[in-house]
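Data first, discussion second: the structure below is written as structure tokens.
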Amino acid sequence: MVHDRYMSAETTPGFPKIRQVVLDCTDARLLAEFYRQLLGLRYRPGDEPPAPGEPDPAGQDWLVLQDAAGTAMVAFQQVAELPETTWPAGPRPLQLHLDLSVPTAPDLDVQHERAMSLGARLLYDRSGDPQEPLRVYADLAGHPFCIFAAG
């Protein structure tokens, strides 16, 4: 018999399931583009960027990125102001972060180059750890995210 605490919300009727992760940001289009390119996602229909020089009303409010199957993964909510976390020390602690994984340490290095080329800032590097190699970054809005090798 499976104990309740080990049952997933997907297989247990009557429990909500996570729809998507929402990140507040002061530039929804900029942050959505960062994660679209980093994670290989696509825009929800209607959220795509406008043609150059055209207005971007969706990008001023709420954007959603989906996986190839059309499942919402990450959304971006425009806010007027967002103080950046000061993690690992300081007055504004880490409140939420994304954990991303790759199969191997060499894959971690490839994704490091991708993240940095997209404008991420490296906050912490533990890529040489034989047990759990990882790096922690800040995205363009200052939200921390980790990429680790989970092979």
Side-chain angles (χ1 to χ4, degrees), residues 2-3 5-12 15-50 52 56 58-59 61-79 81-151:
V2 177
H3 192 275
R5 70 181 178 160
Y6 298 114
M7 297 179 80
S8 75
E10 238 180 58
T11 60
T12 306
F15 287 90
K17 67 178 192 172
I18 294 174
R19 179 182 174 118
Q20 63 201 0
V21 173
V22 180
L23 298 174
D24 286 353
C25 50
T26 57
D27 189 332
R29 180 63 66 196
L30 182 70
L31 197 59
E33 269 301 296
F34 172 85
Y35 279 104
R36 185 188 67 77
Q37 293 179 49
L38 181 69
L39 301 175
L41 299 173
R42 63 182 187 193
Y43 285 102
R44 170 181 67 180
D47 284 356
E48 301 88 354
D56 187 11
D61 183 33
W62 179 270
L63 298 169
V64 177
L65 294 178
Q66 302 174 325
D67 65 11
T71 302
M73 301 299 292
V74 186
F76 306 89
Q77 178 173 263
Q78 183 89 15
V79 296
E81 187 179 314
L82 183 68
E84 188 174 327
T85 180
T86 55
W87 182 90
R92 288 184 303 279
L94 179 67
Q95 294 181 17
L96 175 126
H97 71 276
L98 301 176
D99 274 348
L100 311 174
S101 65
V102 295
T104 68
D107 293 324
L108 179 64
D109 293 335
V110 168
Q111 296 309 317
H112 170 73
E113 294 304 321
R114 172 180 279 144
M116 298 302 288
S117 74
L118 293 171
R121 284 183 293 120
L122 182 64
L123 299 177
Y124 178 71
D125 188 341
R126 198 176 80 194
S127 57
D129 184 317
Q131 298 293 330
E132 186 180 53
L134 69 87
R135 290 185 178 103
V136 181
Y137 304 88
D139 67 20
L140 303 178
H143 301 108
F145 66 95
C146 302
I147 304 177
F148 60 97

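Fair warning: this is a prediction, and the values are worked out from it, not measured in the lab.
A donor-acceptor pair is defined here as one N or O able to donate and one able to accept, closer than 3.5 Å; such a pair exists between the side chain of Q78 and the backbone of T26. A distance-only check finds a donor-acceptor pair linking the side chain of R42 to the backbone of A68 [under 3.5 Å]. The backbone N or O of R92 sits less than 3.5 Å from a side-chain atom of T86, completing a donor-acceptor pair.
Here R135 contributes atom CZ and M116 contributes atom CE; the two are 9.5 Å apart, rounded to the nearest 0.5 Å. Interatomic distance, L118 CG to E113 CD, rounded to the nearest 0.5 Å: 11.0 Å. With values rounded to the nearest 0.5 angstrom, L30 atom CG is found 5.0 Å from L140 atom CG. Remark: D109 CG to T104 OG1 distance equals 8.5 Å, nearest 0.5 Å.
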Run R114 and L39 through side chain to side chain contact (heavy atoms under 4.5 Å, CB included) and show every step you take. CA-CA 10 Å; R114 172 180 279 144; L39 301 175; over 6 Å; no

I147 vs L108, test: side chain to side chain contact (heavy atoms under 4.5 Å, CB included). Steps then yes/no. CA-CA 7 Å; I147 304 177; L108 179 64; 3.6 Å; yes

Side chain to side chain contact (heavy atoms under 4.5 Å, CB included) assessment of H143 paired with L98: CA-CA 9 Å; H143 301 108; L98 301 176; over 6 Å; no

Start with the C-alpha gap between L41 and Y35, add the side-chain angles, then the distance that decides, and say whether side chain to side chain contact (heavy atoms under 4.5 Å, CB included) holds. CA-CA 8 Å; L41 299 173; Y35 279 104; 5.7 Å; no

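Looking at L65 and F76, their side chains come closer than 4.5 Å, going by heavy atoms from C-beta outward. Side-chain atoms of E33 and P49, non-hydrogen and from C-beta on, do get closer than 4.5 Å to each other.
The nearest pair of heavy atoms linking W62 to A75 is CZ2-CB, 3.7 Å. Among all heavy-atom pairs drawn from Q20 and A72, the shortest one is OE1-CB, 3.2 Å. C25 and L31 get closest at one heavy-atom pair: CB-CD2, 3.6 Å. Between H97 and P144, the shortest heavy-atom distance links the atoms CB-O, 3.2 Å. Nearest approach of L63 to A58, heavy atoms of both residues: CD2-O, 3.6 Å. Shown here for A150 and S101, the closest heavy-atom pair between the two residues is CB-CB, 4.1 Å.
The neighbour count for R19 CZ, taken as heavy atoms of other residues, nucleotides or ligands under 6.0 Å away, does not exceed 12.
The cationic atom of R29 (NZ for Lys, CZ for Arg) lies less than 6.0 Å from the six-membered ring centre of Y43 and within 45° of the ring axis.
For the pairing with F145, the side chain to side chain contact (heavy atoms under 4.5 Å, CB included) check across L23, D99, L38 returns one residue only, L38. A side chain to side chain contact (heavy atoms under 4.5 Å, CB included) with F148 is found for exactly one of Q111, R126, E132, namely E132.
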